[in-house]
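This is a predicted model, so every value here is computed, not measured. What's counted below: heavy atoms across the whole structure, side chains too, no hydrogens, waters or symmetry copies. In each ligand, atom 1 is the first atom listed, and ligand 1 is the first ligand listed.
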Amino acid sequence: MRAPILVPTVLRNLVRKPATNLFPKTEPVPVPENFRGQLKYNVDKCVGCRMCVTVCPAGVFVYLPDIRKVALWTGRCVYCAQCVDVCPTGALQMSDEFLLASYDNYDEKFIPLKEEKIEEIRKKLEEQKKAKEKAKAEKAKTEKKGSK
Ligand code: SF4
Ligand code: SF4
């Protein structure tokens, strides 16, 4: 009974351009402002306060006490941005990236802090510790000489 009412609409739409985005042949639909895409971690800004570890509902973070940084596996992330809101230094930011499909759960794009960088930080801290101890020992030696 309702078919005749629809006929003009159908005919009108038959001659109109499709309203479909042909991605991946074209660019995807642009993301809005403040879009919550893949999480980015700037390890140099991190002060190891562990606030992100506390608030994350998905268990993305693991605290690394020896270097006072956090390791992340964003494959678990639910994009809630609570860690971004709580981070006092801006070390965590949501990006516009959302094309994240992968065959590998442990693809390196899901692991922002790489093993090599962790090693580099460890070495740097070790060197700083040694330099501090050396300076301390030298200071003690000079003071001992001065008191004689
Ligand atoms: S965005 Fe949410 S789920 Fe993802 S790492 Fe941050 S707190 Fe965890
Ligand atoms: S909240 Fe920010 S500064 Fe604190 S441990 Fe996490 S990333 Fe580092």
CD of Q128: more than 12 outside heavy atoms within 6.0 angstrom?
yes
Run the numbers for me: atoms of ligand 2, each under 4.0 Å from some heavy atom of T89, listed by number.
3 (S)
Among protein atoms, how many N/O/S atoms lie less than 2.8 Å from atom 2 (Fe) of ligand 1?
1
Protein heavy atom at shortest distance from atom 2 (Fe) of ligand 2:
C87 SG, 2.3 Å
Can you confirm whether R68 is buried at CZ, in the sense that more than 12 heavy atoms of other residues, nucleotides or ligands lie under 6.0 Å from that atom?
no
Side-chain contact test, heavy atoms from C-beta onward, threshold under 4.5 Å: evaluate it for V78 versus P57 and give yes or no.
yes
Identify the protein heavy atom lying closest to atom 4 (Fe) of ligand 2, giving its residue, its atom name and the separation to 0.1 Å.
C49 SG, 2.2 Å
Among all protein heavy atoms, pick the one closest to atom 6 (Fe) of ligand 2 and tell me residue, atom and distance.
C52 SG, 2.3 Å
More than 12 heavy atoms of other residues, nucleotides or ligands under 6.0 Å from CD of E133: is that the case?
yes
Near R50, which atoms of ligand 2 are under 4.0 Å from a heavy atom of that residue?
4 (Fe), 5 (S)
So do the side chains of S95 and F35 get within less than 4.5 Å of each other, counting heavy atoms only?
no
Residue and atom name of the nearest protein heavy atom (relative to atom 3 (S) of ligand 2), distance in Å to one decimal
V47 N, 3.4 Å
Contact with ligand 2 for L92, non-hydrogen, under 4.0 angstrom
yes
Joint cluster assignment, V55 & L39, ILVMFWY side-chain distance < 4.5 Å
no
Can you classify the ring geometry of W73 versus Y106 as parallel (below 30°), tilted (30 to 60°) or perpendicular (above 60°)?
parallel
Identify which one of V43, D66, L113 satisfies the side-chain contact (heavy atoms from CB on, under 4.5 Å) criterion when paired with I118.
L113
Atoms of ligand 1 under 4.0 Å from any heavy atom of F61, numbered from 1 in the order shown, are 5 (S)
If we number the atoms of ligand 2 from 1 as shown, the ones under 4.0 Å from a heavy atom of G48 are 5 (S), 8 (Fe)
Given E97 and K40, is the salt bridge (charged side-chain N to carboxylate O under 4.0 Å, His left out) satisfied, shown in steps?
CA-CA 10 Å; E97 287 170 38; K40 299 287 170 188; 3.1 Å; yes
Could you give the distance from CZ (F61) to CG (L92), rounded to the nearest 0.5 Å?
5.0 Å
the protein heavy atom lying closest to atom 8 (Fe) of ligand 2 turns out to be C46 SG, 2.3 Å
Looking at K124, I want to see if its NZ is surrounded by more than 12 non-hydrogen atoms of other residues, nucleotides or ligands under 6.0 Å.
no
